[in-house]
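In what follows, a single structure is set out as structure tokens and then discussed.
Atoms considered below: every heavy atom in the structure, side chains included; atoms not considered: hydrogens, waters and symmetry mates.
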Amino acid sequence: MVQCNYEADLNAKQIQAVKTIEGPVLIIAGAGSGKTRVITYRIAYMLERGIPQSGILALTFTNKAAREMEDRVKELTGRKLQNLTVNTFHAFGVKILREEIERLGYRKNFSIYDETDRTELIKESLRECRLSVEGADIYALGQLFSNVKIGRLCWGDGADPAFEPVYQEYQQGLKVFNALDFDDLLVIPIELFQTYPEVLDKYRRRYRYLMVDEFQDTSFTQYRLMRLLADQNVCVVGDDDQSIYSWRGANYENILMFERDFPGTLEIKLEQNYRSTTTILEAANGVISNNTSRKEKTLWSGNKGGKPIEVFNPQDERQEADFIAWEIKKLRLKDQLKYDNFGVLIRTNSLTRTIEEAFLAENIPYQVSGGMSFFQRKEIKDILSYLRVIANTDDEVNLLRIINTPRRGIGKTTIRDISNLARKNHTSLWDAMSSLRYAPDTLFQEAGKQEINDFMSLIEHWKEEILGKRGLSQKVRTLVDEIDYWGYLVTEYSKNEKVARWKFANISSLIQSIANWESDPDNFDPTLYPYLNRISLLARDDGEDDTDKGKVNLMTIHASKGLEFPVVFIAGAEDGIIPHARSLEEGAGNIEEERRLFYVAITRARDKLIITSCLKRRRLQNTGDASPSPFLAEIPPHLVEYREDEPEETGQTAAENFFTMMKKRFV
């Protein structure tokens with residue numbers, strides 16, 4: 001094992017955080033203070049001290065962060081780390097449930113419903129309760145069910161009891177189809193631990209050293225899971241100044257709860273920033289110091305000085321977008337930057353359109369975060385649904401998705417009759433279809449029975465071919481050919497074969513991604529169940545796509561958390577946008593979160609920060625006056641340089657300027 005040189009690689013506070021491995025530890029890690037480095041060195045130090053890999057559990061929030069953490073520890077220690085557990089909370093929940101869920105009446109091969117599957121089950125639950133699907137706000141209903149499940153709301157106390165029967169139907173549907181939603185991945189392990197103390201004791205004895213990253217983003221449910229697991233050797237790492245996910249259930253007060261629940265907690269503050277210039281950090285400190293509900297800390301940097309923060313007041317959003325596009329092109333040539341060195345941050349996605357138009361006009365390559373996930377595309381979901389049904393024939397949502405895709409003559413009437421029989425006999429759809437294979441002619445036409453039989457035979461054949469076996473990617477390719485999905489696409493898009501080819505190319509990309517996953521030397525079980533669990537968890541993460549390099553990053557501030565760029569633009573820094581108008585209505589706590597959001601935006605910048613605040617902005621059909629964000633006034637004035645209203649450089653002038661900069665670049 002490689003020995004780490006802690007004194008050479010870490011500052012004094014980081015060394016203290018790394019080497020204090022006994023007892024409860026709270027590490028307050030400011031933006032850019034090297035918290036991932038501290039966590040990885042801490043794991044390496046534990047291993048050096050003889051603590052077994054299997055006794056360490058590290059929990060974080062995205063698969064990307066977990067992979068990065070594990071890769072860094074491998075690089076640091078020179079070890080394979082096959083028994084080290086570095087997981088997201090949800091992936092760790094799956095790990096527990098795969099071992100223990102049969103105690104609660106589920107089968108081990110449960111399905112994990114993503115948002116699309118969950119939406120379909122909510123709709124079906126509404127129909128079962130004889131309520132209109134068309135008139136329902138499915139998203140709001142999903143949020144309500146989630147809040148009830150995790151205990152944030154109770155029926156009759158914040159949750160409308162009129163929807164309780166629908167919720168019960170939804171829960172029953174999950175159990176019947178041997179499926180879990182994402183809330184279940186945390187709630188059911190807690191239920192297991194509370195119901196079966198011997199199970200909790202097993203996991204507490206297994207994981208004697210627990211670490212939690214991004215602790216300020218934990219929800220109360222995640223805190224409860226951590227609290228149950230943790231004995232005394234628990235370390236949480238977070239920054240209350242970067243808590244920006246209350247709308248997603250995050251509770252920054254978990255930091256206060258931790259100190260209360262673990263008496264004698266050692267608090268270590270990491271305040272040296274390794275990312276930004278002093279100018280940027282002074283601006284961030286000036287803003288966040290106006291929050292009252294926070295732990296006192298002051299970020300500082302060895303990177304003294306820095307360029308002033310530039311503020312520009314364009315006439316409207318169109319001039320704002322043109323300014324950003326021109327500035328990117330100018331700085332790229334002047335400072336020899338790449339397009340992916342730029343981050344353009346916005347408060348809401350509604351602000352992207354004019355900026356995208358300006359980028360397109362100037363031929364600036366860009367990517368927008370938050371677009372449709374690859375795994376949410378219809379053609380990908382269709383193929384994955386086949387795999388999910390092969391893995392779990394009781395998965396009703398995915399079964400209904402593929403029962404007539406590609407079209408095989410099983411119409412709505414047949415599906416309705418199958419559903420009625422399943423409901424009458426309290427069985428799954430698959431069991432109902434099994435009984436109908438040999439139903440009397442009076443119930444089904446012979447053709448309908450034949451189609452059902454053919455479909456079930458297809459699934460049964462591929463269940464035999466795929467389950468527990470290797471070579472998954474090649475088998476999926478053969479399955480796609482057997483169901484003639486290409487022919488289906490050509491029929492569906494008969495007037496535009498380019499669309500059909502594009503969609504089929506996506507399926508080829510899916511198969512290639514399976515092949516890549518299979519060939520990963522760290523993948524010890526390249527079979528169907530682990531693959532489907534991985535896909536369900538990947539689809540949950542935000543900002544996981546690393547394929548679009550060499551493009552300007554246009555994203556919401558929320559999506560930018562954890563990232564950094566040499567040059568950052570904060571667009572739309574206006575009152576009513578940041579802070580958002582809704583937060584102004586909801587009180588002081590929301591204002592403080594909006595300020596934290598602005599703080600996160602500022603601290604994404606390494607070298608240069610440019611902020612735009614329009615004088616007028618169009619909202620819906622009207623253009624009205626806009627006022628600067630009050631947060632701008634909280635930046636110390638000596639750090640700010642206001643840009644003049646520059647005349648547009650077009651035609652010959654722009655060409656001459658670009659030619660001059662190009663000459664400087666290549667001389």
If you measure from CD1 on I557 to CZ on R596, what distance do you get to the nearest 0.5 Å?
13.5 Å

Test item: E271 side-chain N/O and G30 main-chain N/O as donor-acceptor pair under 3.5 Å:
no

By salt bridge (Lys or Arg N to Asp or Glu O under 4.0 Å), which residues pair with E253, not counting sequence neighbours?
none

Does some side-chain heavy atom of I328 sit less than 4.5 Å from a side-chain heavy atom of F569?
yes

Distance-only check: which donor-acceptor pairs under 3.5 Å involve side-chain atoms of residues 604-612, not counting sequence neighbours?
unit_1	atom_1	unit_2	atom_2	d
R604	NE	V600	O	2.7
R604	NH1	L563	O	3.0
R604	NH2	Q242	OE1	3.3
R606	NH1	E564	OE2	3.2
K608	NZ	E310	OE2	2.6
T612	OG1	E320	OE2	2.7

Between E357 and R353 (salt bridge meaning N to carboxylate O under 4.0 Å), is one present in this structure?
yes

Donor-acceptor pair, distance only, cut-off 3.5 Å: does the side chain of E317 make one with the backbone of R618?
yes

Under 3.5 Å, is there a donor-acceptor pair between the side chain of E214 and the main chain of T60?
no

Are E574 and R617 ion-paired here, with the side-chain N under 4.0 Å from a carboxylate O?
yes

Identified ring pair (Phe, Tyr, Trp, His ring centres under 6.0 Å) partner of F312 from the options F323, Y642, W326
F323

Decide yes or no on side-chain contact (heavy atoms from CB on, under 4.5 Å) for I578 and F598, but give the supporting numbers first.
CA-CA 7 Å; I578 184 163; F598 193 61; 3.8 Å; yes

Rounded at 0.5 Å granularity, tell me how far CG in L256 sits from OG in S293.
9.0 Å

Are R401 and E120 close enough, and set up right, to give a salt bridge (charged side-chain N to carboxylate O under 4.0 Å, His left out), and what steps lead you there?
CA-CA 10 Å; R401 183 181 189 93; E120 290 304 311; over 6 Å; no

F182 and H90 aromatic ring geometry - parallel, tilted or perpendicular at 30°/60° bounds
perpendicular

Would you check if the side chain of S301 reaches a backbone N or O of S276 as a donor-acceptor pair within less than 3.5 Å?
yes

Derivation and outcome, side-chain contact (heavy atoms from CB on, under 4.5 Å), residues L333 and K329:
CA-CA 7 Å; L333 290 171; K329 295 189 79 170; 5.9 Å; no

Rounded to the nearest 0.5 Å, how far does CG of N506 lie from CD of E379?
4.5 Å

Partners meeting side-chain hydrogen bond (donor to acceptor under 3.5 Å, both in side chains) with T218 (sequence neighbours left out):
N254

With the side chain counted from C-beta on, respond yes when F61 and T88 share a heavy-atom pair under 4.5 Å apart, and no when they do not.
no

Trace of the side-chain contact (heavy atoms from CB on, under 4.5 Å) decision for T556 with L345
CA-CA 5 Å; T556 63; L345 311 185; over 6 Å; no

Can you check whether Y170 reaches E124 side chain to side chain, under 4.5 Å on heavy atoms?
no

Flag, side chain of Q222 to backbone of S219, donor-acceptor distance under 3.5 Å:
yes

Does any pair with a residue in residues 342-364 pass ring pair (Phe, Tyr, Trp, His ring centres under 6.0 Å), and if so which ones, sequence neighbours excluded?
F359-Y366

If the condition is salt bridge (Lys or Arg N to Asp or Glu O under 4.0 Å), which residues does R294 pass it with, not counting sequence neighbours?
D241, E296

Would you please name every residue forming a ring pair (Phe, Tyr, Trp, His ring centres under 6.0 Å) with Y485, sequence neighbours left out?
Y488

Determine whether W155 and Y167 satisfy the following criterion, ring pair (Phe, Tyr, Trp, His ring centres under 6.0 Å), listing intermediate values before the conclusion.
CA-CA 10 Å; W155 297 113; Y167 176 75; 5.6 Å; yes

Between D382 and K378, does at least one N-O distance fall below 4.0 Å, as a salt bridge requires?
yes

Less than 3.5 Å apart, which donor and acceptor atoms pair up between the side chains of residues 143-154 and the rest of the protein, not counting sequence neighbours?
unit_1	atom_1	unit_2	atom_2	d
S146	OG	D183	OD1	3.4
S146	OG	D183	OD2	2.7
N147	OD1	R152	NH1	3.4
N147	ND2	Q143	O	3.3
K149	NZ	Q171	OE1	2.8
K149	NZ	D181	OD1	3.3
K149	NZ	D181	OD2	2.8
K149	NZ	D184	OD1	2.9
K149	NZ	D184	OD2	3.3

Determine whether L337 and V567 make a side-chain contact, defined as any pair of heavy atoms from C-beta on separated by less than 4.5 Å.
yes

Applying side-chain contact (heavy atoms from CB on, under 4.5 Å), can you list everything that pairs with E169, at least two apart in sequence or on another chain?
S125, E128, C129, Q172

Would a distance-only check, ignoring hydrogens and angles, find a side-chain to backbone donor-acceptor pair under 3.5 Å from N553 to G343?
no

Would Q216 and D240 count as having a side-chain donor-acceptor pair, cut-off 3.5 Å?
no

Distance in Å, D239 CG paired with D217 CG, rounded so as to fall on 0.5 Å steps
10.0 Å

Rounded distance [0.5 Å steps], CG in D213 versus CD in E68
9.5 Å

Do you know the tightest heavy-atom contact between S132 and L126?
O-CD1, 4.4 Å

Testing the 3.5 Å rule here: is there a donor-acceptor pair between the side chains of S243 and E593?
no

State whether the side chain of S33 and the backbone N or O of Q272 hold a donor-acceptor pair below 3.5 Å, judged by distance alone.
no

With a 3.5 Å cut-off and no angle check, do the side chains of S385 and N398 form a donor-acceptor pair?
yes

So, using side-chain contact (heavy atoms from CB on, under 4.5 Å) as the criterion, who are the partners of N363 when residues are at least two apart?
none

Does a side-chain heavy-atom distance below 4.5 Å link Y245 with K561?
yes

Polar side-chain atom of N273 near backbone of A31 as donor-acceptor pair, under 3.5 Å
yes

Salt bridge (Lys or Arg N to Asp or Glu O under 4.0 Å) against K295, all qualifying residues, sequence neighbours excluded
E259, E267

Can you sort out the partners of E641 under salt bridge (Lys or Arg N to Asp or Glu O under 4.0 Å), two or more places apart, ordered by chain and number?
none

With a cut-off of 6.0 Å (strictly less than), are more than 12 heavy atoms of other residues, nucleotides or ligands near OH of Y139?
no

Ignoring hydrogens and geometry, is there a side-chain-to-backbone donor-acceptor pair from H558 to I244 under 3.5 Å?
yes

Mind jotting down which residue pairs meet the salt bridge (charged side-chain N to carboxylate O under 4.0 Å, His left out) criterion with at least one end in residues 624-637? Sequence neighbours excluded, please.
R595-E634, K616-D625

For the atom pair CG (N313) and CD (Q319), what is the distance rounded to the nearest 0.5 Å?
10.0 Å

May I ask you to decide if N303's main-chain N or O and T278's side chain share a donor-acceptor pair within less than 3.5 Å?
yes

